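Some notes on the structure that comes next.
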2 protein chains.
Amino acid sequence: MPKVNKTKYALLGVLTVMPGSGYDIKKFCDYSISHFWNENYARIYPVLKEMEREGLVDKSVEQNEGRPQKNIYSITPLGEAELEQWLLEPAEETPARCEFLLKLFFADRIPRENLLQKIAAEKLKNEKLLEVYNQKAEHLAQSAETNSHKNLQLWLAAVNYGRCNAQASIRWCDETLESLKEEIIL
Amino acid sequence: MPKVNKTKYALLGVLTVMPGSGYDIKKFCDYSISHFWNENYARIYPVLKEMEREGLVDKSVEQNEGRPQKNIYSITPLGEAELEQWLLEPAEETPARCEFLLKLFFADRIPRENLLQKIAAEKLKNEKLLEVYNQKAEHLAQSAETNSHKNLQLWLAAVNYGRCNAQASIRWCDETLESLKEEIIL
DNA sequence: GTATCCATGTAACCAGTTACATGATTGC
DNA sequence: GCAATCATGTAACTGGTTACATGGATAC
């Protein structure tokens with residue numbers, strides 16, 4: 001299986017939502033999809049250039065007085081076709097690498113207290129995440145009343161995925177903290 | 001923040017459980033920690049060599065008639081110290097990249113039927129995973145009766161993490177399938 | 001005056017994957 | 001006879017991160 005450039009499809013996807021600059025795309029990623037997808041400038045700019053060469057996106061330059069000039073990219077029909085073809089294929093799994101669980105697995109090498117702290121931190125992290133997801137869901141629901149974009153249902157589903165997993169993680173933290181504390185008493 | 005070589009710590013960790021060859025380590029990874037950590041030969045062999053140079057592991061060569069010779073690595077006190085120091089630090093988050101959710105997010109570009117199939121596949125995948133976790137938990141519990149290794153509690157916790165998340169994913173799939181089907185009816 | 005935002009990019013580096021190379025043994 | 005397992009490694013490549021470079025505008 002050839003390694004494919006996922007960044008390309010992520011950028012094409014964002015450009016279907018709105019044409020924009022590399023900077024705009026980065027903002028969109030950080031705000032809207034960062035809980036399941038991340039991109040950084042050092043990938044965005046070269047990949048945009050490459051896609052322009054391939055005819056997947058068009059570039060137009062926006063001159064602004066006072067501000068730096070902006071390269072506005074928009075997706076071409078060829079780009080749309082390529083994106084859609086990729087969307088149809090089943091999602092590939094990337095090999096899991098969760099550092100938290102790796103440390104848990106070997107934690108008999110460190111004081112139990114340190115492990116408990118780690119789990120407590122993990123719980124807190126997920127509680128904050130859950131809060132963020134709830135706000136996002138609310139925000140999406142509100143946007144439905146005003147400009148109602150067609151993606152609402154799908155975007156809510158993506159947020160709910162985060163919610164479900166955060167809730168599950170919190171529950172796991174509670175259970176695990178309990179079971180590890182019991183062990184200390186014994 | 002300097003990028004640190006996580007593979008190094010994973011290998012050191014495995015070597016605290018049992019000394020062994022690169023091949024053995026790979027087997028251990030695939031069997032015991034693959035649901036949250038993965039390594040491949042092309043990283044394992046060079047990193048073992050490098051760690052030998054650094055004095056973190058010792059190598060001894062095992063001659064076997066009929067079979068290829070084996071390089072048996074074991075962790076040194078220096079290696080243990082380095083591992084433990086790393087274990088004490090908080091786990092770093094790697095930027096999320098979940099292709100499944102990315103495709104969901106942009107799925108208004110593809111037929112709804114294709115999306116439903118993807119979610120159904122995701123559900124099936126998690127059901128199978130859950131089955132694997134349950135078997136692993138049982139296997140761990142049984143090993144406690146016989147040779148009772150000290151890591152039992154932690155290893156069970158790691159398996160339970162997988163269980164919790166798989167259950168959460170299955171629930172999300174059910175809910176999402178429901179809500180997407182309702183939309184079709186409307 | 002200081003920090004943040006807007007805006008685009010490059011260079012160097014490291015991590016990780018795929019494919020290739022080799023070859024004996026064991027199980028079906 | 002064929003596939004899988006045991007066993008170790010290298011080369012080439014791609015992906016992704018960090019750090020660097022630049023510089024005006026706006027907000028506090």
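Here is how names work: the chains are called A, B, and so on, in the same order as the sequence lines, proteins then strands, and each is numbered from 1. Keep in mind that this is a model prediction, so the values were computed, not measured.
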- Message: Tell me which pairs pass salt bridge (Lys or Arg N to Asp or Glu O under 4.0 Å) where either residue lies in residues 115-136 of chain B, with sequence neighbours left out.
- Response: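 Qualifying pairs, neighbours excluded: A:Glu93-B:Lys125, B:Glu122-B:Lys125, B:Lys123-B:Glu127, B:Lys123-B:Asp174.
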- Task: Under 4.0 Å between any heavy atoms, over every strand shown, what does B:Lys49 touch: base, sugar-phosphate, or nothing? Just pick one.
- Result: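 Result for B:Lys49 = sugar-phosphate.
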- Message: Applying a 4.0 Å non-hydrogen cut-off, can you work out what A:Pro46 is touching in the nucleic acid: base, sugar-phosphate, or nothing?
- Response: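 Nothing, no nucleic acid heavy atom in range.
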OP1 or OP2 of [N] less than 4.0 angstrom from a side-chain nitrogen or oxygen of [X], does that happen here?
{"X": "B:Arg97", "N": "D:dG15", "result": "no"}
{"X": "A:Thr7", "N": "D:dG15", "result": "no"}
{"X": "B:Asn40", "N": "C:dT17", "result": "yes"}

Length of the line joining [X]:[atom1] and [N]:[atom2], which is rounded to integer Å:
{"X": "B:Glu39", "N": "C:dA15", "atom1": "CD", "atom2": "P", "result": "11 Å"}
{"X": "A:Ile25", "N": "C:dA7", "atom1": "CD1", "atom2": "P", "result": "13 Å"}
{"X": "A:Ile44", "N": "D:dT17", "atom1": "CD1", "atom2": "P", "result": "11 Å"}
{"X": "A:Arg43", "N": "C:dA11", "atom1": "CZ", "atom2": "C1'", "result": "15 Å"}
{"X": "A:Asn5", "N": "C:dT17", "atom1": "CG", "atom2": "P", "result": "16 Å"}
{"X": "A:Gln63", "N": "C:dT8", "atom1": "CD", "atom2": "P", "result": "12 Å"}
{"X": "A:Asn38", "N": "D:dG15", "atom1": "CG", "atom2": "P", "result": "17 Å"}
{"X": "A:Lys59", "N": "C:dT8", "atom1": "NZ", "atom2": "C1'", "result": "10 Å"}

- Task: Decide yes or no on side-chain contact (heavy atoms from CB on, under 4.5 Å) for A:Val57 and A:Ser74, but give the supporting numbers first.
- Result: CA-CA 5 Å; A:Val57 297; A:Ser74 48; over 6 Å; no
- Inter-axis angle, terminal five-pair segments of the helix from C:dG1-D:dC28 to C:dC28-D:dG1 [nearest 10°]: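 For the helix from C:dG1-D:dC28 to C:dC28-D:dG1, the axes at opposite ends meet at about 50°.
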- Item | Partner of B:Phe105 under ring pair (Phe, Tyr, Trp, His ring centres under 6.0 Å), chosen from A:Tyr161, A:Tyr9, A:Phe36 |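 Of A:Tyr161, A:Tyr9, A:Phe36, ring pair (Phe, Tyr, Trp, His ring centres under 6.0 Å) with B:Phe105 is met by A:Phe36 alone.
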Verify the distance criterion only: is there a donor paired with an acceptor across the side chains of [X] and [Y] at less than 3.5 Å?
{"X": "B:Trp37", "Y": "B:Glu39", "value": "yes"}
{"X": "B:Asn134", "Y": "B:Arg163", "value": "yes"}
{"X": "B:Arg43", "Y": "B:Asn40", "value": "no"}

- Message: Salt bridge check, B:Glu50 against B:Lys8: does any charged N sit closer than 4.0 Å to a carboxylate O?
- Response: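 Looking at B:Glu50 together with B:Lys8, the answer is no, because their closest N to O distance does not fall below 4.0 Å.
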- SB check B:Lys6 A:Glu99 (cutoff 4.0 Å):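 Yes, this pair counts.
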Between N or O atoms, less than 3.5 Å apart, protein on one side and nucleotides 3-7 of chain D on the other: list the pairs.
unit_1: D:dC6; atom_1: OP2; unit_2: B:Tyr23; atom_2: OH; d: 2.7
unit_1: D:dA7; atom_1: OP2; unit_2: B:Lys70; atom_2: NZ; d: 3.3

- Message: Go nucleotide by nucleotide along DNA chain D from the 5' end; which of B:Ala42 and B:Pro95 gets its closest nucleotide reached first?
- Response: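 Comparing both residues, the 5'-ward one is B:Ala42.
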- With respect to A:Arg97, which candidate in B:Thr94, B:Asn38, B:Thr7 satisfies the side-chain hydrogen bond (donor to acceptor under 3.5 Å, both in side chains) definition?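 Output: one option passes, namely B:Thr7.
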